[in-house]
Visitor: 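One structure is given below, represented as structure tokens, and several questions about it will come after.
Reminder, nothing fancy here: chain letters follow the sequence lines and each chain counts from 1.
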There are 2 protein chains.
Amino acid sequence: MKERDRLADILRRRGLRVTPQRLAILSFLDGNTDHPTAEDIYAAVKAQHPAISLNTVYKTLEAFEEADLVWRFRAGQKHKSHYDPNSRTHPHVVCTRCGSVDDLPDDGENLQADAEKSLPDGHHDVLRVEVCVVVGLCEECDDHDE
Amino acid sequence: MKERDRLADILRRRGLRVTPQRLAILSFLDGNTDHPTAEDIYAAVKAQHPAISLNTVYKTLEAFEEADLVWRFRAGQKHKSHYDPNSRTHPHVVCTRCGSVDDLPDDGENLQADAEKSLPDGHHDVLRVEVCVVVGLCEECDDHDE
DNA sequence: CCGCTTTCGATAACTATTATTATATGCTAA
DNA sequence: TTAGCATATAATAATAGTTATCGAAAGCGG
């Protein structure tokens with residue numbers, strides 16, 4: 001029961017209610033480096049919670065994102081969102097054909113210069129290095145803030 | 001007629017047929033730094049081609065992307081794709097609320113370290129720097145290649 | 001345990017994109 | 001220049017991923 005308490009604490013500390021569904025989703029994401037999609041998460045959690053709905057997964061991920069428990073990004077497969085529980089800034093490798101997403105180990109300086117060298121085995125032929133700097137709010141959005 | 005010929009040449013050089021629709025779309029994209037969506041492009045081109053369909057815009061952009069005339073990325077607004085005719089590797093600033101996309105001038109080394117410093121006026125509060133390295137194919141996709 | 005609030009799940013709606021197909025048009029070779 | 005072929009176009013329908021609605025169920029503070 002210790003693991004459950006640990007996860008429940010994480011939720012509570014972020015002001016989120018503790019429910020079996022949220023625990024299951026958080027448990028699946030915790031330490032996960034596979035960049036799963038909502039569908040992936042749904043499939044995995046369904047094993048323990050056959051009645052869970054995809055909607056709930058989306059709602060939960062939305063809550064997790066707002067609470068900064070996961071990072072959501074859209075650079076990968078088709079138009080699916082990928083969810084990454086690793087909050088450390090780090091680069092991703094995306095296959096331009098299948099959209100698979102992998103982590104790059106490099107997290108420091110000279111990212112672009114190092115990109116080609118640090119590509120994991122099986123990735124090659126860099127077409128382009130796309131760098132997306134994501135900030136909280138642009139000026140316009142900040143103005144409209146309360 | 002000179003400008004038209006210039007654009008037509010660009011198309012032909014990439015093995016693309018020259019049509020009024022393609023010329024209009026290319027003309028709109030040429031030198032454009034606004035990262036327009038398919039919808040944006042559709043709206044702009046409709047001025048000269050009221051009969052053009054959104055479908056044609058998508059098909060044309062798909063052809064342009066394959067011919068490497070534009071770069072398509074999905075990191076911005078909701079799940080819309082943005083199209084960028086600038087083929088030079090360069091970073092983008094994305095507002096996490098409205099999804100607006102701006103170019104960062106920096107294109108060299110130390111991108112991540114420089115990101116905060118090089119943020120254009122009106123952007124602030126860096127939540128996270130997301131770096132996406134896009135390669136041609138991962139090993140699996142390359143194996144299935146002919 | 002009570003009551004208030006939030007979350008859940010079923011269902012439907014929505015948005016961005018892609019597929020289908022008949023017609024129209026660009027392009028090539030005679 | 002034109003015939004014929006391949007490709008592009010536009011109308012329409014379909015799809016994928018996600019978000020909205022709402023009644024029922026469950027968490028949480030007292």
Visitor: Given D:dT19, is OP1 or OP2 found less than 4.0 Å from the side-chain N or O atoms of A:Y58?
Guide: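 So the side-chain polar atoms of A:Y58 never come under 4.0 Å of the phosphate oxygens OP1 or OP2 of D:dT19.
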Visitor: Does A:R22 get its side chain close enough to the base of C:dT7, under 3.5 Å, for a donor-acceptor pair?
Guide: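 It does not, because no donor-acceptor pair links the side chain of A:R22 to the base of C:dT7 below 3.5 Å.
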Visitor: Report yes if a side-chain nitrogen or oxygen of A:H79 is closer than 4.0 Å to either non-bridging phosphate oxygen (OP1 or OP2) of D:dA16; otherwise report no.
Guide: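 No, outside the criterion.
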Visitor: May I have the distance from A:R12 (atom CZ) to C:dT6 (atom C1'), rounded to whole angstrom?
Guide: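 Computing the A:R12:CZ to C:dT6:C1' distance gives 15 Å.
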Visitor: Contact class for A:Q21 vs. all strands (heavy atom < 4.0 Å): base, sugar-phosphate, or nothing?
Guide: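 Sugar-phosphate only.
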Visitor: Quick one: label B:A63 by what it contacts on the DNA or RNA (base, sugar-phosphate, nothing), any heavy atom closer than 4.0 Å.
Guide: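 Contact class for B:A63: none.
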Visitor: To the nearest angstrom, how far is B:I25 atom CD1 from D:dA8 atom C1'?
Guide: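 Atom CD1 in B:I25 sits about 11 Å away from atom C1' in D:dA8.
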Visitor: For a side-chain hydrogen bond (donor to acceptor under 3.5 Å, both in side chains) check, start with the C-alpha distance between B:D30 and B:S27, then their side-chain angles and the critical distance, and finish with the verdict.
Guide: CA-CA 5 Å; B:D30 189 54; B:S27 166; over 6 Å; no
Visitor: Can you confirm whether the side chains of A:R72 and A:S81 place a donor and an acceptor under 3.5 Å from each other?
Guide: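 Short answer, yes.
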Visitor: For B:T19, answer base if it contacts any base atom (sugar-phosphate contacts may also be present), sugar-phosphate if it contacts only those atoms, and nothing otherwise; contact means non-hydrogen atoms under 4.0 Å.
Guide: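 Counting heavy atoms under 4.0 Å across all strands, the contact made by B:T19 is with sugar-phosphate only.
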Visitor: With heavy atoms under 4.0 Å as the rule, sort B:E62 into base, sugar-phosphate or nothing.
Guide: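 B:E62: no heavy atom of the nucleic acid under 4.0 Å.
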Visitor: At less than 4.0 Å, is any side-chain N or O atom of B:S53 found next to OP1 or OP2 of D:dA11? Yes or no.
Guide: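 No, no such contact exists.
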Visitor: For A:I52 and B:K59, find the nucleotide of DNA chain C closest to each by heavy atoms; which residue's nucleotide sits nearer the 5' end?
Guide: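 Comparing both residues, the 5'-ward one is A:I52.
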Visitor: Answer yes if the side chains of A:R74 and A:H79 hold a donor-acceptor pair under 3.5 Å, and no otherwise.
Guide: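 There is no such pair between these side chains.
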Visitor: Ignoring backbone atoms, test whether A:S81 places a side-chain nitrogen or oxygen under 4.0 Å from the OP1 or OP2 oxygen of D:dT18.
Guide: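 So the side chain of A:S81 is within the cut-off, an N or O lying under 4.0 Å from OP1 or OP2 of D:dT18.
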Visitor: Hey, does the side chain of A:T56 come within less than 4.0 Å of C:dA10's phosphate (OP1/OP2), counting only N and O?
Guide: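 Indeed not, no polar side-chain atom of A:T56 lies that close.
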Visitor: Relative to the ring of B:H35, is the ring of B:F73 parallel (under 30°), tilted (30 to 60°) or perpendicular (over 60°)?
Guide: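 Rings of B:F73 and B:H35: perpendicular, over 60°.
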Visitor: Choose from C:dG9, C:dT17, D:dG27 the nucleotide whose nearest atom is closest to any side-chain atom of A:P20.
Guide: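 Closest nucleotide among those given: D:dG27.
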